[in-house]
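Right, one structure below, let's go through it.
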Amino acid sequence: MMAGLKCLLWDVDGTLADTERDGHRVAFNMAFAEAGMDRRWDVATYGELLKVTGGKERMRFDIQRGGMPDISNAEIATLHGRKTVMYQQLIAEGRIPLRPGVRRLLDAAYADGILLGIATTTTPAALDALIEHSLGSEWFERFAVLAAGDIVPAKKPAADIYTYAMMQLGVNPDQTLALEDSGNGWLSAQAAGLKCVVTINDYTRAQDYIGADLVVSEFGEAGTAAIEVLQNPHQLGSLAYVTLDHLKTIMS
Ligand code: XBP
Ligand code: MG
């Protein structure tokens with residue numbers, strides 16, 4: 001029996017846009033500076049910290065490993081609130097574009113009547129800023145679910161956010177494909193029983209994607225350099241860039 005592609009669930013950070021290095025990281029540093037804290041997360045350090053998902057959890061981890069001065073959970077929450085405001089401002093400046101092929105695939109899937117949803121670890125306010133300024137506010141309605149942040153108790157790599165999004169949409173794992181950019185994202189999708197396509201970035205290239213359904217450098221676009229294909233277990237052809245038909249084939 002053909003299961004078919006009924007629903008696409010999108011990760012946000014690193015998948016829709018390269019928000020980590022030039023968005024979240026910069027915003028954390030602005031919040032640390034504003035609070036008079038003697039801590040800066042450079043590009044390499046942030047790469048180490050990315051193994052912990054969630055901004056508040058990431059700060060707690062840095063404290064535990066002796067990077068940041070010890071502060072209470074309440075202080076972490078306050079600092080994270082300021083970081084989110086800084087992040088919203090950076091996004092509003094329009095400096096972080098969508099990754100190649102994201103808009104093309106979103107438009108194609110929407111036109112095809114495929115259910116679209118977000119399943120992310122980031123804070124709802126940060127997600128809203130990216131939708132408004134990078135995607136366009138019509139996407140607040142085009143996404144049938146925006147599952148984000150603390151709405152579930154356990155963040156990725158736990159399955160919870162994907163399970164929650166599917167429950168809201170009334171879809172099953174065999175009808176749903178996850179789009180991710182990181183090892184933690186893939187683990188989360190896998191734990192929820194989903195097939196998964198991974199578009200890596202510099203921070204996530206070397207991570208483990210054993211069992212993922214397609215691993216590529218990006219979704220890519222027609223008329224630009226062909227994408228790099230790292231894993232192609234379904235032996236998809238014509239992979240100069242990823243199309244909706246490729247995603248449907250993975251689910252067939
Ligand atoms: C990525 C994350 C987030 C962001 C920071 O999530 O782990 O924590 O780095 O965002 P995903 P917050 O790739 O699943 O979207 O500070 O708002 O947590
Ligand atoms: Mg991600």
Side-chain angles (χ1 to χ4, degrees), residues 8-32 41 43 45-62 68 73 76-91 96 98-99 102 117-131 134-135 143 145-165 178-192 194 196-205 207-209 212 215-216 218-219:
L8 273 180
L9 291 181
W10 294 75
D11 171 52
V12 172
D13 295 306
T15 301
L16 292 181
D18 272 321
T19 44
E20 291 292 8
R21 194 191 67 177
D22 301 328
H24 290 295
R25 184 187 68 87
V26 174
F28 279 113
N29 284 333
M30 290 167 76
F32 297 159
W41 287 349
V43 171
T45 301
Y46 195 67
E48 296 160 17
L49 295 168
L50 274 175
K51 71 177 172 204
V52 176
T53 60
K56 296 186 288 290
E57 293 83 350
R58 191 167 297 144
M59 285 194 264
R60 173 58 60 203
F61 173 71
D62 197 36
M68 271 171 73
N73 283 343
I76 286 180
T78 302
L79 199 54
H80 188 255
R82 289 298 298 155
K83 173 262 167 180
T84 300
V85 171
M86 313 289 193
Y87 178 81
Q88 289 176 296
Q89 287 167 358
L90 290 173
I91 296 294
I96 306 197
L98 298 177
R99 292 191 69 189
V102 166
I118 294 283
T120 177
T121 291
T122 203
T123 307
L127 169 63
D128 289 353
L130 193 74
I131 292 176
S134 296
L135 268 167
F143 286 117
V145 66
L146 299 176
D150 297 324
I151 201 162
V152 290
K155 293 182 175 166
K156 298 174 187 177
D160 301 26
I161 197 74
Y162 277 108
T163 305
Y164 172 86
L179 304 174
E180 275 289 351
D181 74 302
S182 71
N184 277 328
W186 154 235
L187 287 174
S188 173
Q190 186 183 36
L194 299 184
C196 183
V197 171
V198 181
T199 56
I200 55 161
N201 56 57
D202 285 347
Y203 274 137
T204 65
R205 169 176 284 271
Q207 294 172 358
D208 198 344
Y209 302 108
V215 182
V216 290
E218 59 183 37
F219 295 120

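Below, all heavy atoms of this structure are taken into account, side chains as well, without hydrogens, waters or symmetry copies. Just so you know, ligand 1 is whichever comes first in the structure, and atom 1 is the first atom listed for that ligand. Because the structure is a prediction, the values reported are computed rather than measured.
- The closest donor-acceptor contact from the side chain of D13 to the backbone of T19 lies at 3.5 Å or more, if one exists at all.
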For ligand 1, which of its N or O atoms have a protein N or O partner closer than 3.5 Å, and how long is each gap?
unit_1	atom_1	unit_2	atom_2	d
ligand 1	7 (O)	G54	N	3.2
ligand 1	7 (O)	R58	NH2	2.9
ligand 1	8 (O)	G54	N	2.9
ligand 1	8 (O)	G55	N	3.3
ligand 1	9 (O)	E20	OE1	2.9
ligand 1	9 (O)	E20	OE2	2.7
ligand 1	9 (O)	R58	NH1	2.6
ligand 1	9 (O)	R58	NH2	3.2
ligand 1	10 (O)	T122	OG1	2.8
ligand 1	13 (O)	D11	OD1	2.8
ligand 1	13 (O)	D11	OD2	3.2
ligand 1	13 (O)	D13	O	3.1
ligand 1	14 (O)	D11	OD1	2.7
ligand 1	14 (O)	T121	N	3.1
ligand 1	14 (O)	T121	OG1	3.4
ligand 1	14 (O)	K156	NZ	3.0
ligand 1	15 (O)	D11	OD1	2.9
ligand 1	15 (O)	D13	N	3.1
ligand 1	15 (O)	D13	OD2	3.2
ligand 1	15 (O)	T120	OG1	2.4
ligand 1	16 (O)	H80	NE2	2.7
ligand 1	16 (O)	K83	NZ	2.6
ligand 1	17 (O)	T122	OG1	2.8
ligand 1	17 (O)	T123	N	3.0
ligand 1	17 (O)	T123	OG1	2.6
ligand 1	18 (O)	G55	N	2.7

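- Relative ring orientation between Y46 and F28 is described as tilted, the plane-to-plane angle lying within the 30° to 60° band.
- Residues satisfying the salt bridge (charged side-chain N to carboxylate O under 4.0 Å, His left out) test with R25, not counting sequence neighbours, are none.
- Among residues two or more places apart in sequence or in another chain, the salt bridge (charged side-chain N to carboxylate O under 4.0 Å, His left out) test is passed with K155 by E57, D150.
- The backbone N or O of H80 sits less than 3.5 Å from a side-chain atom of T84, completing a donor-acceptor pair.
- Side chain of T121 to backbone of G54: no donor-acceptor contact under 3.5 angstrom is found.
- One N or O on the side chain of Y203 and one on the backbone of V43 form a donor-acceptor pair closer than 3.5 Å.
- The backbone N or O of V52 sits less than 3.5 Å from a side-chain atom of R58, completing a donor-acceptor pair.
- If you look at the Mg ion (ligand 2), the protein N, O or S atoms less than 2.8 Å from it are D11 OD2, D13 O, D181 OD1.
- Here K156 pairs with D11 in a salt bridge; the nearest charged N to carboxylate O distance falls below 4.0 Å.
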